[in-house]
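Letters A, B, ... mirror the listed sequences (proteins, then strands); counts begin at 1.
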Amino acid sequence: MHLANSIFFDFRIHIFIFFPARESLMKPGSIILFIVVLGIATFWVFTLLEPGTIMPASPGGLLTPVEIQNYEGEDLSSFRDFRENSIKGPQKIQIENYHLLITGLVEKELFLPYSEILNTYPSYEKVVTLHCVEGWDATILWEGILVQDLLDDAGVKPSANTIIFYAEDGYSTSFPLSYIMERPIIMAHRINNLTLPTERGFPFQLVAEDKWGYKWIKWITKIELSDDQKYQGYWESRGYAQDADLNTGFFN
Amino acid sequence: MNHRQIHIQVAYALLAAAVLMIITGLGITEPEIITPISFGLFTKFISQRIHFFLWGPFCILFIIHIWLVHKKMRG
């Protein structure tokens, strides 16, 4: 009880330093009320600051697509729950000019427009949670194409051991080729039943399962097959772990 | 060093730790603001390292601070 009083007394001293007002302000009820009001105000301000303008376009303007909130009994996060933490802000890609380049140590270089990718390759759905190094996470139903399918068409040369993804804003990240070839890793073009919004990486975001969020590259424009196992992407060259496995830390 | 001096030192250390926690916390979530105004000192990576490292000392200082107040009240 004494310790609780001490904590309370200490808190009252600090309140008094910042607000040397009437004695009535120092009553326990006033302090609790102050904390509650401060909490509500903070929450309100942060809600106002959230970007609420990201809405995917409705095709033909007939029906507005609806974001699903639950998938096979599992609650999903919203695409609005992500924090915008890209290096140069959201990239607006004109889809009619967009091509995905697959290059490097491949038998046949591919240069694929968006519509061809969607029409040629089968789509897969999966619920995966993105864990950001900032401490937040989002569980989402992702729909996309298998990176393996693209690589099979391009034909990976035997000397390739690393895959590097590049984005429109200059961001890049790499993986051991085995991570992509041994697991069904997708490049998402839909999120919770909606076309990927600009802010979330339209046209493609990599769903790098079991990796920290900085491996989930958005606005993918190029995939390069390489034999440079020491290649370091944007955050990796700034001290973050190359592996970025969720079960290990993200510092080198 | 008497009790009062120790208390002042702990309070200042706690204040410094709290300020650093706030700055590095912002350095993690808002690096585009904090990195330039700190002249490149608090990058996202450095902020995260310091922020994680500070957690323990901050808690210890806070507990000592409370304990000293408690002692002062009783004494």
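Atom CZ of F45(B) and atom CH2 of W235(A) lie 10.5 Å apart (nearest 0.5 Å). Interatomic distance, OG1 of T29(B) versus CZ of R83(A), reported as 5.0 Å (0.5 Å rounding).
For F52(B), the CZ atom counts as densely surrounded, since its 6.0 Å shell holds more than 12 non-hydrogen atoms of other residues, nucleotides or ligands. The number of heavy-atom neighbours closer than 6.0 Å to CZ of F53(B), taken from other residues, nucleotides and ligands shown, is 12 or below. Taking a 6.0 Å sphere around CD of E30(B), one finds it holds more than 12 heavy atoms contributed by other residues, nucleotides or ligands.
Contact tally against chain A (heavy-atom pairs below 4.5 Å) for E32(B), K44(B), H51(B), Q48(B): the top residue is Q48(B).
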